[in-house]
Amino acid sequence: MTDSDGRRDVRDFGAVGTGDERDTAALQSALDECAGTGGTVVVPSGKYLTGPLTVGSHTTLELEAGATLSFVRDHEAFPARESRWEGWEQTGFHPCLLVAEAENVEITGRGTVDGQGDYWWQFYGVDDDELPASLADRLDSFHEANDKADDVSSFTLRPPLFQVDRSTNVSVSGITLRNSPFWNTHVVYSDNVTLHDVNVENPADAPNGDGIDIDSSRYVRISDCYLNAGDDAVCIKSGKDEEGRRIGRPASGITVTNCTVEAGHGGVVIGSEMSGDVRDVTVSNCTFTDTDRGIRIKTQRGRGGVVEDCRFDNLVMRRVACPFTINGYYFMDIDSDPIPVDESTPMVRNIAYSDIIARDVETAGFFAGLPEQRFENISFSNVEIDATRSLDATDLSPAMADGFDQRHGLFCKSITDISLSNVRIRTADGPALAFEETGRVSIDGLHVDGDQETPIVDIRGVDETLVSGCDWTGEGTFLRVRGDESGRISFAGNHGDLADGVAAPAVEHESTDWV
């Protein structure tokens with residue numbers, strides 16, 4: 001059954017590839033023979049109907065062009081398995097295609113892995129008494145085993161399409177992964193994983209149809225991939241709340257480059273399950289089109305954990321409702337009072353955006369830390385935003401924070417320091433930039449259209465505002481100060497006397513403008 005090159009053809013193990021009968025036993029036998037000893041399992045052109053499969057160490061699974069692994073529409077074929085589901089370790093259905101506790105694994109070729117997720121989606125949101133009795137019994141058994149308190153139903157425990165769990169040195173290339181019952185691709189507790197030239201496809205109405213989820217894993221590279229997802233396209237996570245902090249495995253050393261995102265809830269998303277920390281993330285040379293949001297970081301009180309040292313460079317976005325989001329109030333009230341800081345208080349810091357174009361968007365950006373712990377060091381450089389799309393174009397909240405009224409301009413609240421250098425922004429109405437309860441705001445080289453509705457900048461409760469390198473020759477108000485809590489306002493090196501464009505109560509400000 002093995003040729004001189006260590007290649008095993010699944011047909012030699014009894015697989016027929018007609019799509020009419022299950023090839024599970026033949027496929028798994030070929031994989032088991034290869035695991036540990038090394039070699040390649042070859043799946044020729046054909047449709048291979050199968051239950052869940054596991055790929056072991058030192059194995060290459062090659063799906064030739066025209067080959068499809070089509071996973072059965074039968075929940076009874078999927079045994080129970082413990083894994084991490086939306087941030088918690090729980091028991092759920094076995095993934096369709098699984099690499100677990102393995103090393104040196106490659107999955108490659110021009111074939112397709114199809115989860116036939118519509119079988120599972122039909123039961124999503126259905127009352128338990130309307131489910132098939134055998135499926136309801138399975139979900140009841142999961143609920144009893146898990147003993148987790150959450151607002152997520154047990155039916156989120158349906159199988160991911162492809163999971164890499166507690167594995168090292170895994171490479172995926174060339175294949176198409178589509179129609180996942182749950183998340184499409186889940187990399188959890190793993191190191192040194194590469195996804196290159198992979199197509200990830202889930203329809204827009206696929207519930208929890210994330211594209212690629214990187215979960216408490218290190219040294220993950222995603223490159224030259226196409227993603228069209230029913231939820232977040234690429235999502236980075238590290239566990240939820242106390243359990244995530246106790247396990248304490250960060251997601252770190254992650255790069256996403258040269259990827260095309262056609263649709264999804266977010267282009268690249270961090271959180272909201274980030275309790276074990278997320279750090280050292282770089283996203284570059286990507287395009288996001290028709291995603292709900294572009295770069296999105298989301299968390300809430302109770303999560304704890306730190307998101308830090310993330311760079312987002314050379315991106316192009318179009319028809320994105322909100323291109324930039326950092327939200328400390330995910331499904332929470334933005335107008336809440338401070339509470340004591342403890343280990344459950346999240347932090348986001350050292351986030352840099354550069355060389356980005358966002359066209360035809362609704363809201364320019366949303367950045368909100370917590371009043372008890374402001375987020376730190378947000379920077380923009382060489383960013384162009386056209387936020388003139390109607391706020392009625394979609395029914396989306398820019399950040400999913402309660403109590404926030406959607407607006408076109410960039411909104412910032414409870415941030416220690418934020419800087420904008422060479423930023424061009426166009427909005428359908430003003431202000432273009434609004435800052436509240438923020439420590440230090442630095443604006444250097446802000447470009448706005450001449451017909452921009454004023455004020456351009458609106459501040460309230462900002463400790464220090466520095467404005468330089470701006471060209472203001474328009475009528476009306478450049479900067480409006482609301483309330484009397486704001487501190488020093490400084491103008492330097494601007495074209496035009498911006499101090500004359502300040503509308504403020506008795507506030508200390510100085511002007512060193514020149515033309």
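A salt bridge links Asp335 to Lys413: one of the charged nitrogens lies within less than 4.0 Å of a carboxylate oxygen. A salt bridge is absent between Arg279 and Asp309: the closest approach of a Lys/Arg side-chain nitrogen to an acidic carboxylate oxygen does not fall below 4.0 angstrom. Between Arg301 and Asp342, none of the side-chain N atoms (NZ, or NE/NH1/NH2) sits under 4.0 Å from a carboxylate O, so this pair counts as no salt bridge. Comment: Arg84 does not engage Asp213 in a salt bridge, judged by the lack of any side-chain N to carboxylate O separation of less than 4.0 angstrom.
Under a 3.5 Å cut-off, the side chain of Ser217 and the backbone N or O of Ile214 do not form any donor-acceptor pair. Panel note: side chain Ser167, backbone Asp165; a donor-acceptor pair is recorded below 3.5 Å. A donor-acceptor distance shorter than 3.5 angstrom exists from the side chain of Asn202 to the backbone of Gly209, with no hydrogens or angles considered.
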Residues Glu201, Arg178; criterion salt bridge (charged side-chain N to carboxylate O under 4.0 Å, His left out); working and verdict:
CA-CA 5 Å; Glu201 302 172 2; Arg178 65 163 56 117; 3.0 Å; yes

Determine, step by step, whether Arg166 and Glu89 satisfy the salt bridge (charged side-chain N to carboxylate O under 4.0 Å, His left out) criterion, reporting the C-alpha distance in whole Å, the side-chain angles of both residues, the deciding distance to 0.1 Å, and the verdict.
CA-CA 13 Å; Arg166 296 175 173 85; Glu89 294 191 344; 3.7 Å; yes

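Remark: Tyr219 OH is loosely packed, at most 12 non-hydrogen atoms of other residues, nucleotides or ligands lying under 6.0 Å away.
Classification of the Phe367-Phe380 ring pair by plane angle, with boundaries at 30° and 60°, yields perpendicular. Ring-plane geometry between Phe78 and Phe71 is classed as tilted, the angle between the planes lying from 30 to 60 degrees on a 0 to 90 degree scale.
Of the listed residues (Lys240, Lys237, Lys298), just one forms a salt bridge (Lys or Arg N to Asp or Glu O under 4.0 Å) with Glu273, and that residue is Lys237.
Here Tyr329 and Phe404 keep their ring centres 6.0 angstrom or further from each other.
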